[in-house]
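Shown next, in structure tokens, is the structure this report addresses.
In what follows, chains carry the letters A, B, and so on, assigned in the order in which the sequence lines appear, proteins first and then strands, with residues in each chain numbered from 1.
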Amino acid sequence: MRISYREAGGFAGLSRGADLDLESLPPAQAGRLRKLVERARLRDVETRGPSAARDLVGYEIAIEDDDGRTVVARFDDASVPESATPLLEALQKRARPIPLQKPSPRVPSAKGGGEQRGKGSRGRT
Amino acid sequence: MCERRHPLHCIVPPYVLEKLADSSNPKTRRLAIEAIQQSSAAAATRRVLSAMPRMAATPSPQARKHRLVYDAKGGSMSSLPGKLVREEGGRSSKDPAVNEAYLHAGYTYDFYQRVFGRNSLDDAGMSLISSVHVGRRLNNAFWTGEQMAYGDGDGTVFIRFTKSIDVVGHELSHGVVTYTCNLEYHDEPGALNEHFADVFGTLVKQWKKRQTVKQADWLIGPDIMGPGTSAKALRTFADGPAYEDDPLLGTDPQPKHLRDKYTGTQDEGGVHINSGIPNHAFYLAATAIGGKAWEKAGHIWYRTVQALTATSGFAEMVARTSQEAAGLFGPNSLEQKAVKQAWKGVGF
């Protein structure tokens with residue numbers, strides 16, 4: 001299982017994230033994350049807080065399971081699914097800065113397929 | 001659509017929601033407004049609501065400074081505002097976050113009232129509602145459209161967001177923008193929205209400290225930085241980055257010149273990034289004019305925020321500040337020249 005996590009915006013305007021391959025993590029850590037992913041029950045949805053809100057952090061969690069199926073969930077501070085809170089906290093602890101990418105001429109990855117996302121192709125330098 | 005957290009969502013017809021949105025009970029009003037905003041069946045109502053932000057304002061009892069501070073106790077957006085812990089004139093709390101939210105909101109109210117003659121965010125005396133301890137170790141503070149929400153920070157990158165007067169001034173100024181030109185929150189209009197929040201946020205601090213442009217630190221968020229980072233602040237109006245190669249924050253992404261404008265899609269098209277360009281222009285104008293920034297540059301910008309429209313971009317901002325400077329201080333005045341020169345300095 002692979003997890004790609006991104007956070008952007010908010011008052012701080014930071015761009016951070018983490019790309020995790022559970023295979024390469026110590027088994028105990030991988031097991032904990034796997035449980036949090038199950039509990040989060042993420043689906044391919046994008047939820048947004050009130051349109052009048054300002055300074056919300058935008059979150060994106062992409063999960064590629066062992067069969068290569070990918071789920072991408074996007075939400076913000078005002079619309080975090082309750083079930084995903086523990087997973088989000090675990091990922092935030094692992095988040096590191098990701099320099100802003102210059103937009104590429106290709107279709108933006110936000111609208112692209114899950115495969116690129118699962119490989120963590122975004123945000124690397 | 002019905003999986004969302006709102007009890008009013010999906011079951012209440014839009015016209016009833018509109019009625020509820022006028023309720024005197026803040027919780028009822030908030031739920032109704034959120035339900036309207038999220039309901040696909042209420043697209044028309046939603047358009048009306050975004051055009052009429054006044055519907056979301058909580059009128060205060062005597063239409064003057066009226067602060068309410070709530071404790072969200074770690075709850076999320078759906079639990080706001082939380083438990084009322086301090087109201088206008090009430091005793092101070094043992095909780096520093098409560099007192100900071102109260103005091104800093106008060107300084108912000110006083111700043112707008114004494115400097116610009118503005119009575120609260122809507123200029124009609126609406127209550128200033130703050131919730132502290134929002135979320136668990138939330139690394140953020142935000143304006144919900146109706147009230148301020150402050151996280152505690154994770155204790156490493158950030159500590160509690162109420163601690164910086166400029167952070168509180170920034171969030172409340174989002175309210176002022178909402179009730180004036182209501183700039184859309186994406187791309188250049190969004191960057192201007194962030195810019196006004198930073199400008200007035202930092203002016204609240206400078207005004208409170210009675211600082212001249214030379215004494216001011218021109219920083220945003222210096223008091224909320226946690227022990228895990230050596231960054232001095234989140235943003236700076238002055239030259240150069242606020243932080244560089246920080247292990248937790250990376251490098252300050254804000255451009256100070258139009259040629260470096262971010263054109264990607266992240267952060268609603270870089271609203272917290274590209275605000276660096278007008279921020280630096282404000283700094284250049286204010287320091288060239290000299291004295292205290294709120295006395296002249298602040299007035300030019302305050303007139304401008306009332307004159308722009310929801311879709312205004314940088315070009316309109318440049319033209320309007322120059323026009324307002326001429327209106328306030330005369331054509332070809334030192335002030336107007338300083339404003340023009342400042343925009344030139346960031347590439348316009």
Side-chain angles (χ1 to χ4, degrees), chain A residues 6-17 41 43 45-60 74-86 88-105 107-112 122-123 125, chain B residues 3-5 33-34 37-38 46 49-50 53 56 76-78 134-146 149 151 154 156-158 161 167 170-171 174 177-178 185 193-194 197 220-221 224 234-235 246-251 253-254 262-268 270-273 275:
Chain A
R6 295 290 180 273
E7 56 178 52
F11 176 81
L14 301 177
S15 165
R16 292 164 28 106
R41 297 194 306 275
R43 289 178 298 140
V45 284
E46 176 160 2
T47 53
R48 305 287 290 257
S51 59
R54 303 290 180 249
D55 290 336
L56 300 177
V57 173
Y59 303 97
E60 179 186 287
R74 297 188 184 91
F75 43 87
D76 60 29
D77 280 322
S79 62
V80 182
E82 205 109 317
S83 61
T85 307
L88 183 63
E89 283 181 21
L91 294 175
Q92 283 175 312
K93 279 186 195 139
R94 294 166 178 272
R96 292 295 174 263
I98 294 180
L100 291 172
Q101 299 292 293
K102 294 275 174 204
S104 72
V107 180
S109 61
K111 298 207 172 60
R122 274 188 337 147
T125 48
Chain B
E3 82 279 10
R4 298 299 305 275
R5 66 214 130 85
I33 289 167
E34 285 182 20
Q37 284 163 339
Q38 289 171 9
R46 198 159 59 231
L49 193 64
S50 70
S76 64
M77 176 88 173
S78 55
V134 175
R136 281 193 288 179
R137 295 189 286 277
L138 180 73
N139 273 338
N140 201 15
F142 55 89
W143 163 252
T144 67
E146 293 164 73
D154 61 8
T156 303
V157 186
F158 297 112
F161 278 69
V167 175
H170 174 109
E171 293 312 327
H174 273 306
V177 175
T178 298
Y185 205 55
N193 197 323
E194 279 303 315
I220 295 289
I224 62 168
L234 279 171
R235 293 188 274 280
D246 185 90
L248 292 174
L249 304 180
T251 296
Q254 284 209 317
Y262 171 69
T263 54
T265 56
Q266 218 171 291
D267 183 30
E268 313 290 349
V271 299
H272 295 87
I273 300 164
S275 52

Contact part of A:Glu89 toward chain B, heavy-atom cut-off under 4.5 Å: side chain, backbone, both or neither?
side chain
Step-by-step side-chain contact (heavy atoms from CB on, under 4.5 Å) determination, B:His170 to A:Asp55
CA-CA 10 Å; B:His170 174 109; A:Asp55 290 336; 3.0 Å; yes
With a 4.5 angstrom heavy-atom cut-off, is it the side chain or the backbone of [X] that approaches chain A, or both, or neither?
X        : answer
B:Leu248 : both
B:Gln254 : neither
B:Val134 : neither
B:Asp246 : backbone

List the steps, then state whether salt bridge (charged side-chain N to carboxylate O under 4.0 Å, His left out) holds for A:Arg48 with B:Glu268.
CA-CA 12 Å; A:Arg48 305 287 290 257; B:Glu268 313 290 349; 2.9 Å; yes
Using a strict cut-off of less than 4.0 Å between a Lys/Arg side-chain nitrogen and an Asp/Glu carboxylate oxygen, indicate whether B:Glu146 and A:Arg54 qualify as a salt bridge.
no
Closest approach of [X] to [Y] (non-hydrogen atoms, all atoms of both residues):
X       : Y        : result
A:Gly9  : B:Asp267 : CA-OD1, 3.3 Å
A:Gly13 : B:Pro253 : O-CG, 4.2 Å
A:Pro97 : B:Gly250 : CG-N, 3.1 Å

Could you pull out all residues at least two apart from A:Arg96 that satisfy side chain to side chain donor-acceptor pair (under 3.5 Å)?
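If we apply the side chain to side chain donor-acceptor pair (under 3.5 Å) test to A:Arg96, skipping adjacent residues, there are no hits.
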For A:Asp77, all residues meeting side chain to side chain donor-acceptor pair (under 3.5 Å), sequence neighbours excluded
A:Tyr59, B:Asn140
Residues B:Arg136, A:Thr85; criterion side-chain contact (heavy atoms from CB on, under 4.5 Å); working and verdict:
CA-CA 9 Å; B:Arg136 281 193 288 179; A:Thr85 307; 3.6 Å; yes
Does B:His272 reach the main-chain N or O of A:Ala12 with its side chain, forming a donor-acceptor pair under 3.5 Å?
no
Side chain to side chain, [X] and [Y], heavy atoms closer than 4.5 Å:
X        : Y        : value
A:Phe11  : B:Phe142 : no
B:Trp143 : A:Leu56  : no
A:Val57  : B:Asn139 : no
A:Leu100 : B:Gln266 : yes

side-chain contact (heavy atoms from CB on, under 4.5 Å) between A:Ser79 and B:Met77: does it pass, once the steps are laid out?
CA-CA 7 Å; A:Ser79 62; B:Met77 176 88 173; over 6 Å; no
